[in-house]
Amino acid sequence: MSNLMSLQNSLRDALRPILKKYLRTPEKLDDYLAMIKVAQNPEHGDYQANFAMGLAKELGEKPVQIAQRIIKDLSNFPWLDTATVAGPGFINFRFKTEWLADELTSWNQRIQQSSLPSENPKTYVIDYSSPNVAKPLHVGHLRSSIIGAALVQIFRYLGHRVISDNHLGDWGTQFGMLLYGYKNLLRRSDYKKDPIAELARVYVEVRSLGDFFDTFQEGLQSQSDFDLDKVNLLSQLMNLYLSGVKKKRGILPVQSDDVKVAEGDDSQIGNKSQEKGRKGSDAEVSKAQKELIPTATGDELNENEESLSKNPVVAAYRLETVKLHAGDAENVSLWQEFMPWCMQEIEKIYARLNISFDYQHGESFYHAMLPDVVDDLAQKQILRPSQGALIYNENESARVSVVRKKDGAFTYTATDLATIKYRYDSFSPYAILYVVDFRQADHFKNLFACAKSWGYGNIDLQHISFGSVLDENGRPIKTRDGNAVQLHDLLDEAVHEARRLYELNRLDRMAQGEEIPEFSKEEIDRIAHVVGIGAVKYADLSQNRTTDYRFSLKKMLSMEGNTSTYMQYAYVRCKGILRKSGLDFEKFAQESVKIYLNTAEERRLVLKLLQWEDTVVATAKDYSPHYLCAYLWDLAGLYNQFFVHCPVLRAETEELKQSRLKLCQLTAIVIQRALNLLGIETLERM
RNA sequence: GCCCCCGUGGCGCAAUUGGAUAGCGCAAGGGAUUUCUAAUCCCUAGGUUACAGGUUCGAUCCCUGUCGGGGGUACCA
């Protein structure tokens, strides 16, 4: 039973007692009631019920007969126009048009409330965005940020308490890489000028160096006649090559500040560069730097011969990470120096995307809690030792998650466990939603199972998984030189393109003798921003989040079809008419107006408007913002049809004009609300 | 090797989780404009839902197998 008033609930409430009467399995009642839904084909009716077939099996009768009996029981419902049986036993419902009109009148108040009444408010922690702060955000972070932010708004609108938390990757290996890079590869003058850019550059270089050795080693291992002679030969060749480079560049010693990257084309080592989102593997590789010989000179590197010979760079930055975690004074102070720079960069993007968080508790926040957490889990034998590490797996054959490494360092699984405990202690949430890339499915499966054994089985832990962001050819998005596309560049591009298209469109309309509103430069900037950013967000949200997503600026800004621009434009049209009517919007919003639904366009529009609450509920239930987008697309399309067929300001009578103005207003309110839930802004004119 | 996800008109995607004749947008072709903002609306064409079986009143959806694509697979996160 829901106290949320909606068309669907009206039907369900009406059918509940009737179904109960026939049902032999009362526990199935809700399943059957769930089979009442919006008609798939409007020609069949407004809503349909598909339960007669299932019921038939249960009762051993013919579905059509059962359906007819149910219809008979419904005959005294005044709001029902027709209920008919079709096909194998579908029941089609059609509401009385006058009743819909009256419903809309009372709905006028409800839709203007800032949130819906919730009969059962719950606490949700939503964990989203969660970038590595050691480097600039790029497209990979977009989906988590946008989907997460939308879910926050949607759950809040439904009356729930939502705690949004950005689980920053601010303590992991990325910082070890940054520290190593800072100590060995930094260009000091550049760092002085622009620390953010220089740290980003250094990060990419360290990554490349590490990958160089991986590739190098793979090459060695693939040689079947791998032997000492070959290694010696390679070493000689390398020295030869290096002395050439040095001569050419007039460099004698190869030292940190002078390390240069030779330009080269390579497509081999850059092929696993999709960011994993949450504290993701920065497997992003810049271009080939095979020519580069590292200057891994730290004495401390000798500690681990094995990993040194495998990959000295990786060994070196791991060591920096270990030192940071162990509280090494220099590294900690450098971490404190880097963090504000990193955060500043990230906050800039959030500001543009209009995304915010209640908390930004990164990995570092939980660091001190890890020993206790892991000890507790070990003591309860939820974790077990294996090969020097402390691991979790559900059973012998299940996948293993390392929680504490053999060198004593904690992994992100340990951090995530501590985070669950912390969130439980602080917020006692009903659910925690992790908006993270699908590739971490295994991790979360293990994490959730482990948390359950640990005693947190009462929290609804959900991995809100989403697919990769790909380019128009279905490949990971990269710049021409093989780097991941940075988010601010991409947003710039979107806004720039929005402006260009606006100008084009404006010239077009002027050529056709249309009257164009004169906008100031600031207003045009605003249009470009709202349209551009909206396009990026909507394109992402309108797609089923579980599938991969092809990022195409051209398509998302085409301004035709199912794009945010289409919705924003429909909104502008609503507002345009209302403005011309001379009515005071706020005052008119409080007025109850008699609604006339004489045309099919008006009726369809109203029916869609009244499905608003059901849509938001369904969206939240499946954590699927694209339901909301589909609704918006329908609504805006129906409004445009209404706009074409039903004159508002020139309606035949004053009453009809008022009625239609009210439809414009309610449509405007719903479009704006829906877009806002998705994190997309609207304009009054464009 | 093992595990997970995906395969739907030329392209990009839906199908509210087992419902009726599989929808929509681009792109293609045709039409509407002395406009309430045409960034719009209407019409046409385009499909054996990768393939082969199975389950049942009914399958894009569930099961088995095959092919193709992506991802994961213990000390990165």
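These numbers come from the heavy atoms of this one structure, side chains and all, not from hydrogens, waters or symmetry mates. Just so we're on the same page: letters track the sequence lines, and every chain starts at 1.
- For the residue pair A:E58 / A:Y32, a side-chain donor-acceptor distance below 3.5 Å is found, with atom types taken as modelled.
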* Asked: Could you walk me through whether A:Y569 and A:N640 pass the side chain to side chain donor-acceptor pair (under 3.5 Å) check?
  -> CA-CA 10 Å; A:Y569 184 66; A:N640 278 329; over 6 Å; no

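- Straight-line distance between the P atoms of B:U49 and B:U60: roughly 7 Å, to the nearest whole Å.
- Comparing atom distances between the A:R318 side chain and each of B:C76, B:A74, B:U40 picks out B:C76 as nearest.
- Within 4.0 Å (heavy atoms only), A:Y502 reaches at least one base atom of the nucleic acid.
- Relative to the six-membered ring of A:F585, A:K575 meets both conditions, a distance below 6.0 Å and an angle of at most 45° to the axis.
- Base contact: A:Q387 has a heavy atom under 4.0 Å from a base atom.
- Under the side-chain hydrogen bond (donor to acceptor under 3.5 Å, both in side chains) test applied with A:Y627, the options A:D614, A:D622, A:N544, A:T615 reduce to a single match, A:D622.
- Using cut-offs of 30° and 60° on the angle between ring planes, the pair A:F448 and A:Y434 is tilted.
- Heavy atoms of A:V644 sit under 4.0 angstrom from primed sugar atoms or phosphate atoms, though from no base atom.
- Between A:R399 atom CZ and B:A74 atom P there is a gap of 7 Å when expressed in whole angstrom units.
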* Asked: Which nucleotides of nucleotides 13-26 of chain B have their base under 4.0 Å from a protein heavy atom (B), which only their sugar-phosphate (S), and which neither (-), written as one string 5' to 3'?
  -> SSSSB-BB---SSS

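- When the P atom is compared between B:A15 and B:G7, the two are found 11 Å apart, to the nearest whole Å.
- Here the two rings, on A:Y366 and A:H167, have centers that are under 6.0 Å apart.
- Put simply, the side chain of A:R509 and the base of B:A39 share a donor and an acceptor less than 3.5 Å apart.
- Between B:C13 and B:U55, the distance separating the two C1' atoms is 30 Å to the nearest Å.
- Between the base of B:A74 and the side chain of A:S386 there is a donor-acceptor pair shorter than 3.5 Å.
- B:A20 and B:A27: their P atoms are spaced 30 Å apart (whole Å).
- Note on A:C646: a base of the nucleic acid sits closer than 4.0 angstrom, heavy atoms only.
- Here A:N505 lies in heavy-atom contact (under 4.0 Å) with a base.
- Where pairing requires Watson-Crick or G-U contacts shorter than 3.5 Å, the helical stems of RNA chain B with at least three consecutive pairs are B:1-7 with B:67-73, B:10-13 with B:23-26, B:28-32 with B:40-44, B:50-54 with B:62-66.
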